[in-house]
Amino acid sequence: MVICEYLIVAPSTTRELPEDYVARVKQVHESGGFGSRGYNCEWKREEANKNLLRTHTTAVSSRMLYELAKGPFTPKKYYSIDRVFRNEAVDKTHLAEFHQIEGVVCDRGLTLGDLIGVLQEFFSRLGMSELRFKPAYNPYTEPSMEIFSYHAGLEKWVEIGNSGMFRPEMLRPMGLPEDVRVIAWGLSLERPTMILYECDNIRELFGHKVDLKKVKENPLCRIGIESI
C-alpha cells in the first residue's frame, strides 16, 4: 500500500511541460541558435519527460529564471541549499549523496570578473582565502570555472565547486532580454566543511560513519556569529 501511494505522488515522468518553451529548447538543441551550433542530434521528448534524482540544483535555477522571463525584467538573486545525488564511487573526498549550495545573479552587464569577485568574497568570509580557478567545460555555462581550495590536512588542492556564466542559448529560449547576463555557482557543502574543520575524510561528515558523539558535543557554528 505504501509503495502504491508513493508511485501516485512521484510518477516516473513529468505530467506537463510548457510546450512553447519545449519547442524552443528542441530547436536550439538540434540546430543551434544565439551563437551556438547545437548538438546536431535528435532531442528526445521521452528523455526530457523522465523524472530522476537531480545531480545538481541548476534545474531549480533554470525554473526560476524561466518564471522571471515571463514578466518585465527585474534583476534578481537566487540562492538555494538542497540535496543532490551522483553516480560516484564513494571515497575520502567523494559522496554519492551530498548538499549543494547554489547562487544565481541575473542582471544586465555582468562579467566573469563579477563572478570571481563574488566567489572570493564568499569564501573569504568563511575563512578560506586560498582559492584557485580552473577553466572547465559545462554544457550550460561559458566561460566556466572549477573552484579549488587548499586542504592542509590532505596537503593538496581540493575542488569545492563549479561556476560560470549561463550560455545565451540557454537564456534566450526562456525569453530573457539579449543584454541580460547570469552568473552562477554550485558549491558542495561538505568539502568546504572538510577544509574548515581539518577533516581528512568526507564520510565523517555525512553518512553512516558519522560520529554521533562528535555531533552532539561540538558547538553550533553560525557564520558571522560566535560559536555557542
Side-chain angles (χ1 to χ4, degrees), residues 21 24-25 28-29 32-40 43 48 54-69 73-88 93-95 98-126 128-150 157-192 195:
Y21 181 35
R24 294 193 295 270
V25 170
V28 171
H29 181 99
F34 312 104
S36 168
R37 295 180 297 177
Y39 287 101
N40 295 310
W43 182 86
R54 59 177 167 236
T55 57
H56 47 70
T57 53
T58 309
V60 180
S61 301
S62 300
R63 186 184 184 103
M64 297 304 297
L65 291 172
Y66 173 71
E67 292 298 322
L68 177 64
F73 176 72
T74 303
K76 292 287 184 181
K77 299 176 183 178
Y78 299 107
Y79 304 97
S80 68
I81 302 176
D82 218 330
R83 189 81 56 88
V84 295
F85 307 86
R86 300 280 175 87
N87 184 15
E88 293 272 14
T93 60
H94 292 83
L95 291 169
F98 58 95
H99 296 84
Q100 184 167 341
I101 304 169
E102 177 147 342
V104 175
V105 180
C106 183
D107 202 350
R108 291 183 166 90
L110 293 174
T111 68
L112 187 65
D114 294 306
L115 175 59
I116 292 174
V118 168
L119 292 171
Q120 288 177 329
E121 180 67 17
F122 176 85
F123 282 107
S124 68
R125 294 194 182 194
L126 292 178
M128 301 167 64
S129 57
E130 291 189 80
L131 296 182
R132 286 181 178 177
F133 301 99
K134 176 184 175 182
Y137 168 78
N138 294 320
Y140 40 85
T141 59
E142 177 62 36
S144 308
M145 301 183 305
E146 292 175 344
I147 311 157
F148 290 79
S149 182
Y150 189 73
W157 290 87
V158 177
E159 183 187 348
I160 54 175
N162 209 323
S163 64
M165 301 186 69
F166 282 152
R167 294 171 178 263
E169 62 267 34
M170 175 182 171
L171 301 177
R172 300 294 88 80
M174 294 177 179
L176 289 168
E178 291 186 8
D179 60 343
V180 168
R181 303 288 182 268
V182 178
I183 59 174
W185 57 94
L187 314 171
S188 161
L189 174 62
E190 286 79 6
R191 282 191 182 175
I195 296 171

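For the numbers below, each heavy atom of this structure counts, side chains included, while hydrogens, waters and symmetry mates do not.
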Legend entry - Minimum heavy-atom distance between S163 and L119, given as atom pair plus value: OG-CD1, 3.8 Å
Inset, instruction - With sequence neighbours left out, write down each residue that passes ring-ring contact (aromatic ring centres under 6.0 Å, His included) with F34, or none if nothing qualifies. - result: none
Legend entry - Point-to-point distance, once rounded to the nearest 0.5 Å, from CZ of F122 to CD of Q120: 13.5 Å
Inset, instruction - Name all residues meeting the salt bridge (charged side-chain N to carboxylate O under 4.0 Å, His left out) criterion together with E159; count only those two or more places apart in sequence or in a different chain, and write none if there are none. - result: none
Inset, instruction - Begin with the C-alpha distance, continue with both residues' side-chain angles, and end with the deciding distance and a verdict on side chain to side chain contact (heavy atoms under 4.5 Å, CB included) for F73 and L68. - result: CA-CA 7 Å; F73 176 72; L68 177 64; 4.0 Å; yes
Just distance, no hydrogens or angles: give the donor-acceptor pairs under 3.5 Å from side chains in residues 130-140, sequence neighbours left out.
unit_1: N138; atom_1: OD1; unit_2: N162; atom_2: ND2; d: 3.4
unit_1: N138; atom_1: ND2; unit_2: T141; atom_2: OG1; d: 3.1
unit_1: N138; atom_1: ND2; unit_2: N162; atom_2: OD1; d: 3.1

Legend entry - Counterpart residues, salt bridge (charged side-chain N to carboxylate O under 4.0 Å, His left out), relative to E169 (two or more places apart): R167
Legend entry - Distance-minimising heavy-atom pair for G161 and L187: CA-CD2, 3.9 Å
Inset, instruction - Please name all residues satisfying salt bridge (charged side-chain N to carboxylate O under 4.0 Å, His left out) with D107, sequence neighbours left out, ordered by chain then number. - result: none
Inset, instruction - Could you tell me the separation between the CE atom of M64 and the OG atom of S80, rounded to the nearest 0.5 Å? - result: 10.0 Å
Legend entry - Residues F166, C106; criterion side chain to side chain contact (heavy atoms under 4.5 Å, CB included); working and verdict: CA-CA 10 Å; F166 282 152; C106 183; over 6 Å; no
Inset, instruction - Of all the heavy-atom pairs spanning R54 and T57, show the shortest one and how long it is. - result: NE-CG2, 4.3 Å
List the atom pairs, donor and acceptor, that lie under 3.5 Å between side-chain atoms in residues 173-183 and the rest of the protein, sequence neighbours left out.
unit_1: D179; atom_1: OD1; unit_2: R108; atom_2: NE; d: 3.2
unit_1: D179; atom_1: OD2; unit_2: R108; atom_2: NE; d: 2.7
unit_1: R181; atom_1: NH1; unit_2: E178; atom_2: O; d: 2.8

Legend entry - With V25 via side chain to side chain contact (heavy atoms under 4.5 Å, CB included) - residues at least two apart: Y21, W43
Legend entry - Within 6.0 angstrom of N87 CG, more than 12 heavy atoms from elsewhere: no
Inset, instruction - Tell me, with the steps shown, if M170 and V28 meet side chain to side chain contact (heavy atoms under 4.5 Å, CB included). - result: CA-CA 9 Å; M170 175 182 171; V28 171; over 6 Å; no
Inset, instruction - Check L115 against A184 and note the closest heavy-atom contact, atom names and distance. - result: CD1-O, 3.9 Å
Legend entry - Those residues that, when tested against R63, pass salt bridge (charged side-chain N to carboxylate O under 4.0 Å, His left out) (two or more places apart): none
Legend entry - Side-chain touch V105/Y78, heavy atoms, less than 4.5 angstrom: no
Inset, instruction - State which residues pass side-chain hydrogen bond (donor to acceptor under 3.5 Å, both in side chains) with S149; sequence neighbours excluded, sorted by chain then number. - result: none
Legend entry - Whether S62 side chain and T58 backbone form a donor-acceptor pair below 3.5 Å: yes
Inset, instruction - Could you tell me which residues satisfy side chain to side chain contact (heavy atoms under 4.5 Å, CB included) with T55, sequence neighbours excluded, listed by chain and number? - result: R86
Legend entry - Exercise: identify the closest heavy-atom pair between G38 and S36: N-OG, 3.0 Å
Inset, instruction - Using side-chain hydrogen bond (donor to acceptor under 3.5 Å, both in side chains) as the criterion, list what pairs up with H29, not counting sequence neighbours. - result: none
Legend entry - From CG (L112) to CE (M165), nearest 0.5 Å: 7.0 Å
Inset, instruction - Work out which heavy atom in H56 is nearest to a heavy atom in V84; give both atom names and the distance. - result: CA-CG1, 3.7 Å
Legend entry - Set of residues satisfying side chain to side chain contact (heavy atoms under 4.5 Å, CB included) with respect to L189, sequence neighbours excluded: H99, I101, T193
Legend entry - Note, K76 side chain near V104 side chain (heavy atom, < 4.5 Å): no
Legend entry - Approximate separation, where rounding is to 0.5 Å, of W185 CH2 and S61 OG: 10.0 Å
